[in-house]
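Take a look at the structure below.
Sequence positions, counted from 1, serve as the residue numbers for this chain.
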Amino acid sequence: MGRAIQFFVVLLAIGVFYNLITTISHYENVTPGKWTRHELVIDPVIEMPENAKKLGKKERLLFHVAVTASETPYSKWQCRIMYYWYKKKKDLPGSDMGKFTRILHSGNADNLMDEIPTLVVDPLPTGLDRGYVVLNRPWAFIQWLEMATIEEEYILMAEPDHIFLKPLPNLAYDGHPAAFPFFYIEPMKNEKIIRKFYPEETGPVTNVDPIGNSPVIIKKDLLQTIAPTWMNVSLKMKNDKEADTTFGWVLEMYGYAVASALHGVQHILRKDFQSQPPWDKEIANKYILHFTYGCEFTLEGKLLYDQIGEWRFDKRSYLDFPPPKNLTLPPRGVPESVVTLIKMINEATANLPNWDTLGEVTSLKTDN
């Protein structure tokens, strides 16, 4: 592991952080593209800067697919399905998908090392995440960016619960990263809290995009700049009682959004980046299926709210073991996105070896 990473671990362990926020408020050297925020005009339908639309056909720029993961069975079965569909879509026409890395932040190798290209990195020092395991994500990216040889100029930050519906092109333009806008990331609504980490002198709160770090396609050198800030801001938010209580499990997403704004980075907001069943009913023109929400339906195909369905699929039902093969298809009337999700999971589990025994193999110790 590089000396820079070792030094950073020491700083983390003793709780001493360099205050990037003050420095970045006067930062003038990071220029994400040749356009300023005020020159970017967002189309409310397709969420792409007018300037970018005028560029026409662009050269093919590959991006490296990177997903952070833990050693748990819950993470493993999702990563296996994700990687299965990555391989199915990677080389199809229209794809700009490059190589793939699972960034395993357990500190130990596991039984998927030979199946999925994996780099093992260290978790945060014990206790620093305060039970919020997602804080390992920015720290994992910091280590990966220093340790790995990444051939592609761009990176897709993905998650284990992403399934590629079709070949994914590079949605970024001229240094502007592409991201998915989440309805529940609301910087304006939470302006009072945001201002603790994004002071007034840095700019309007509207500079903070309604995004998380995933899915995001971003230039490698730009992510190298943002990642330490992303981690420091996220840790500061976790240590702030009001921010921690308000943001909850999406705190790290706010951390990335604020860190990007501190570096003057404007994201292209792509509503077509992903579909999130059951709320997004269709998958037409969407690139990724994000199965983060539970799907609860009656046998008549009616969506249920805060109730257990007669037909259901929720990834959290499989924390300690993978879902069984050949899941029952949803009843008639259930949205296309949910039906497609179950069909794609079933295809992957039917073709992946040793599916049912995934959780029975223990981790292997590395020399790291």
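In this structure, Glu159 pairs ionically with Arg137, as a charged nitrogen and a carboxylate oxygen lie closer than 4.0 Å. A salt bridge links Arg80 with Glu115; the closest basic N to acidic carboxylate O contact falls under 4.0 Å. Under the 4.0 Å criterion applied to side-chain N and carboxylate O atoms, Glu152 and Lys220 are not assigned as salt-bridge partners. Salt bridge annotation for Lys192-Glu242: present, with a cationic side-chain nitrogen under 4.0 angstrom from a carboxylate oxygen. Using a cut-off of 4.0 Å between Lys/Arg side-chain N and Asp/Glu carboxylate O, Arg270 and Asp272 are scored as salt-bridged. Salt bridge absent: Glu252 and Lys238 never bring a charged side-chain N and a carboxylate O closer than 4.0 Å.
A cation-pi contact, defined as under 6.0 Å to the ring centre and within 45° of the axis, is absent between Lys271 and Phe180.
Side chain of Asp129 to backbone of Leu135: no donor-acceptor contact under 3.5 angstrom is found. The closest donor-acceptor contact from the side chain of Glu153 to the backbone of Leu62 lies at 3.5 Å or more, if one exists at all. Judged purely by atom type and a 3.5 angstrom limit, Asn136 uses its side chain to pair as donor or acceptor with the backbone of Val133.
Thr246 is listed as a side-chain neighbour of Asn190, based on a closest heavy-atom distance under 4.5 Å. Inter-residue side-chain proximity for Ile342 and Pro330 is flagged as met; some heavy-atom pair is nearer than 4.5 Å. Under the 4.5 Å side-chain criterion, counting only non-hydrogen atoms from C-beta, Pro177 is not in contact with Ile268. Side-chain contact between Val258 and Ile194: present, with at least one pair of heavy atoms (C-beta onward) separated by less than 4.5 Å. Taking 4.5 Å as the limit, some side-chain heavy atom of His263 sits within range of a side-chain heavy atom of Thr229. Put simply, the side chain of Val120 does not reach to within 4.5 Å of the side chain of Asn108, judged on heavy atoms. The shortest side-chain heavy-atom distance between Ser234 and Trp139 does not fall under the 4.5 Å cut-off.
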(request) Please test Lys88 against Glu347 for salt bridge (charged side-chain N to carboxylate O under 4.0 Å, His left out), starting from the C-alpha separation and ending with a verdict. (result) CA-CA 11 Å; Lys88 294 271 287 189; Glu347 178 180 328; 3.1 Å; yes

(request) Please assess Lys219 against Asp221 for the test salt bridge (charged side-chain N to carboxylate O under 4.0 Å, His left out), listing each intermediate value before the final yes or no. (result) CA-CA 6 Å; Lys219 269 191 170 182; Asp221 58 355; 5.6 Å; no

(message) If you apply the rule salt bridge (charged side-chain N to carboxylate O under 4.0 Å, His left out), what do you find for Lys99 with Glu151, and how did you get there?
(response) CA-CA 9 Å; Lys99 294 182 179 179; Glu151 298 175 359; 3.1 Å; yes

(request) List the steps, then state whether side-chain hydrogen bond (donor to acceptor under 3.5 Å, both in side chains) holds for Arg312 with Ser317. (result) CA-CA 10 Å; Arg312 66 191 308 262; Ser317 298; 3.3 Å; yes

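Note on Ile308 and Leu299: separate hydrophobic clusters, where clusters join Ile, Leu, Val, Met, Phe, Trp and Tyr whose side-chain heavy atoms are under 4.5 Å apart, directly or indirectly. Put simply, Tyr83 and Leu92 are part of two different groups of oily side chains (I, L, V, M, F, W, Y) that touch within less than 4.5 Å, one to the next.
Across Lys89 and Ser95, no two heavy atoms sit closer than the pair O-CB, 3.8 Å. Nearest approach of Pro167 to Gly94, heavy atoms of both residues: CB-C, 4.0 Å. When all heavy atoms of Asp240 and Phe197 are compared, the closest pair comes out as CB-CZ, 4.0 Å. Closest approach of Leu262 and Tyr198 over heavy atoms only: CD2-CD1, 3.6 Å. Minimum interatomic distance between Ala66 and Ile155 (heavy atoms only, all atoms of both residues): CB-CG2, 4.3 Å.
Using cut-offs of 30° and 60° for the angle between ring planes, the Tyr256 and Trp230 rings count as perpendicular.
Checked by atom type, the side-chain pair His290/Ser275 shows no donor-acceptor distance below 3.5 Å.
Here the CZ atom belonging to Phe63 is positioned 3.5 Å from the CG atom belonging to Leu168, to the nearest 0.5 angstrom. One distance of note links CG of Asn351 with CD1 of Ile81; it measures 11.5 Å at 0.5 Å rounding.
For the ring pair (Phe, Tyr, Trp, His ring centres under 6.0 Å) test with His64, the passing option among Phe100, Phe141, Trp144, Tyr86 is Trp144; the others fail.
Checked against the 6.0 Å centroid threshold, Phe182 and Trp279 do not count as a close aromatic pair. Aromatic rings of Trp249 and Tyr132 (six-membered ring for Trp) have centroids within the 6.0 Å cut-off, being under it.
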